[in-house]
Amino acid sequence: MRTLMVELGERSYPIYIGSGLLNDLGSYLQKHGITTKNSLLLVTDDNIAPLYLEKTLHTLQQSGYRVVTSIVNAGEKAKSLSVFENVMTAAIEGGLDRNSAVLALGGGVVGDLAGFVAASYMRGIRFVQIPTTILAHDSSVGGKVAVNHPLAKNMIGAFHQPVMVLYDVDTLQTLPMREVKAGYSEMIKHGLIWDEAFAEWCLNQAESLLALNREDLAYGLERGCAIKAAVVSEDERENGLRAILNLGHTIGHAIEAVGGYGEFLHGEAISIGMMGSALLAVKRGRDQSIYTRTKQLFGRFGLPTSLPKHLDTEALIHALLHDKKFKDNKIVFVLPVAIGKVDIVTDITLDEVREVIEQLKE
Ligand code: NAD
Ligand code: MG
């Protein structure tokens, strides 16, 4: 079992990563002051429920906990105010009080939704994350919780740090392969922004990681979380450094939008976005190997490295303009300096982005 502390002063919390941890959920809760006197709200989705709900409830009940369950429909649509209200209703009807805790059993969607419920219920109760996707290593660090507004993603939310994160790598074995790859995209991003050796390790272990080898998976999640934690600890509220976590996201968000939020998974869109950032960096005179190595890395994981030709360049630019503020026709971009290091460039022009988008289609 691996333990990683996310250092945030009095809001610090551990992430436990390993095999079979879910069986001991009760003792982990006790260890963190959530006793059987405290009632629990367990939030999950209807893909995860048939796989892990019974087992989770069984361990909790064996440990003597009273649990109220709320199962939401799987998918991004669960991050809405109406579903938020339904979960709140379950919490109120279930008699949760100030000393209760909300448990999120699921991926980033369940984590963001349940976390926002925990942040708002009676002005904030304790929150525990039990991530079941690889991508959720990203959402388990940083305390951002939110639901979407029809006009904008993650628009309604809070910062609410969990009491602990319990990452049982056994639960990841049932992930669809497409979700596995998409999850690795954010893990690779953490290597690209911070740690060349980790990016290299990802490349070398690709086969084993894609086969969900528990040891490698646990190390990859730990290192990915540690890098995000290092960034977030320095800048909890996104005043500066935290922006480097957005590598690939400017173009990536535009791709998701133009794809109608259905064609591409987030991880797929940002892998193309990171290819775009690498291309931009090379255009700005940085080493060509940034591009070739980034491409090799995403290629090894079966992630997309180019844009499908049917995506209209002007539609992408339009989406990008909607997402980001241009000033004097210039845009802020996170660009790689080398593998494992990025900086923030404030004078990228629309024409440069247009050119890169065209090149990504080749
Ligand atoms: P998700 O929660 O929708 O999970 C992906 C799919 O896998 C879903 O269909 C889900 O039902 C299924 N699934 C989950 N675990 C499974 C398992 N163990 N076995 C089989 N199927 C399983 O999506 P995600 O990719 O985990 O997260 C994406 C969300 O996370 C987005 O809403 C994004 O905004 C959010 N996010 C938040 C942060 C943050 O800092 N809070 C960071 C990154 C992403
Ligand atoms: Mg992301």
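Counting starts at 1 for both ligands and their atoms, in listed order.
- Tracing side-chain contacts under 4.5 Å through hydrophobic residues (I, L, V, M, F, W, Y), one never reaches Tyr28 starting from Tyr167; they form parts of separate clusters.
- Within 4.0 Å of ligand 1, protein heavy atoms come from Asp45, Asn47, Ile48, Leu51, Tyr52, Ala74, Glu76, Lys79, Gly107, Gly108, Val109, Asp112, Thr132, Thr133, Leu135, Asp138, Ser139, Lys144, Lys153, Asn154, Thr171, Thr174, Leu175, Pro176, Glu179, Lys228.
- With a 6.0 Å radius and a threshold of 12 heavy atoms from other residues, nucleotides or ligands, Lys361 has its NZ atom above the threshold.
- Within a 6.0 Å sphere centred on CD of Glu207, heavy atoms belonging to other residues, nucleotides or ligands number 12 at most.
- If you look at Glu186 and ask which of its N, O or S atoms sits nearest the Mg ion (ligand 2), the answer is OE2.
- The number of heavy atoms from other shown groups lying within 6.0 Å of CD (Glu263) is above 12.
- If you run side chain to side chain contact (heavy atoms under 4.5 Å, CB included) between Lys79 and each of Asp112, Val72, Val110, only Asp112 comes through.
- No salt bridge links Glu256 with Lys153; every basic N to acidic carboxylate O contact stays at or beyond 4.0 Å.
- Shown here is Glu54, whose CD atom has no more than 12 heavy atoms of other residues, nucleotides or ligands within 6.0 Å.
- His249 contributes atom NE2 as its closest N/O/S atom to the Mg ion (ligand 2).
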